[in-house]
Amino acid sequence: MNRTARLYALVEELRAAAPRPLTVAALATRFEVSTRTVQRDLQTLMQTGVPVRTTPGRGGGWSIDPEMTLPPIHLTADEAWALTAALAAADASTPYAGAARTAAQKIVASMAGPASVAAQELAARIVALPTHGDSAIRTAVEQALANNMVLRLSYTDAAGHESNRVVEPAGLLTADGRWYLIAWCRTRRAGRGFRLDRIAAAAPTGEQAQPHNLTDLLLGSAAAGAVQPTALASLTPPP
């Protein structure tokens, strides 16, 4: 078993035992490797964001939170290629680009044989002109949207006017290759769209935002006819 396959197998072994912890010695015996190898693999999983944790002392060991991980997903070659192509379009200015990059790596790593080679060859044939984006601003917007937190923005509009805004994020809009944060603007007391590459600074306030309906905020704007992308529509639960 190569290391990539062993890392995935380690996660599944911990998931199967959860919430009971497993010792390094038990895992080493299970995978027929040294305890040092298992320790190194577990540290690698932790560093890449897998929610594994260690409990010291008698009765301790390594465990994983099963609610924070997904079971194995079996993709067809066509599905893997489609995801590879879609994730390749997530450049540095795209929301959640960092997670998209690691997801693409995991998809390719999880495949084997000709399908893996084909996915890697496809990825090598996709190129993009990079755009400029501030990673700290993007991260602040991502976290505010995911956690429903109020943001304080410094923003420059299309006419070059600078202003400071306090906003309650409602969603993201993509149009013509640009990304916009759609939010309730407390300063203007109305729904507004903020182009991500025009946000000069973004800082969380630590305050929980009020929920806002994305469609309602878009009414009366140039994006009133926005619809959910086909690939995402099936993921939304019915009202």
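Bear in mind that the values here come from a model prediction, so they are computed numbers and not experimental data.
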So, R178 and D176, do they make that salt bridge, N to O below 4.0 Å?
no

Do the charged groups of R186 and E207 touch, with an N to O distance under 4.0 Å?
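Counted as a salt bridge, because a side-chain N and a carboxylate O are separated by less than 4.0 Å.
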
How close do [X] and [Y] get, heavy atom to heavy atom, and via which atoms?
| X | Y | answer |
| --- | --- | --- |
| S154 | N164 | OG-OD1, 3.1 Å |
| L14 | W62 | CD2-O, 3.4 Å |
| L151 | T205 | C-CG2, 4.2 Å |
| T44 | R3 | OG1-NH2, 2.7 Å |
| M149 | P169 | O-CD, 3.1 Å |

Please answer whether the main-chain N or O of [Y] pairs with a side-chain N or O of [X] as donor and acceptor at a distance below 3.5 Å.
| X | Y | value |
| --- | --- | --- |
| T23 | A26 | yes |
| D41 | L7 | no |
| T139 | S135 | yes |
| Y155 | R165 | no |

Is the number of heavy atoms from other residues, nucleotides or ligands under 6.0 Å of R152 CZ greater than 12?
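At most 12 heavy atoms, drawn from other residues, nucleotides or ligands, come within 6.0 Å of this atom.
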
Measure the CG-CG distance between L217 and L173 for me, rounded to the nearest 0.5 Å.
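If I round to the nearest 0.5 Å, the distance is 11.5 Å.
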
State, without any angle test, whether R192 and S221 hold a side-chain donor-acceptor pair at a distance under 3.5 Å.
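No, S221 and R192 have no side-chain donor paired with an acceptor closer than 3.5 Å.
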
Is there a donor in the side chain of R53 and an acceptor in the side chain of T55, or the other way round, less than 3.5 Å apart?
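On atom types as modelled, these side chains do not qualify, holding no pair under 3.5 Å.
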
Give the intermediate values and the outcome of salt bridge (charged side-chain N to carboxylate O under 4.0 Å, His left out) for residues R198 and D157.
CA-CA 7 Å; R198 289 180 179 157; D157 65 19; over 6 Å; no

L196 versus Y180: any side-chain heavy-atom pair under 4.5 Å?
no

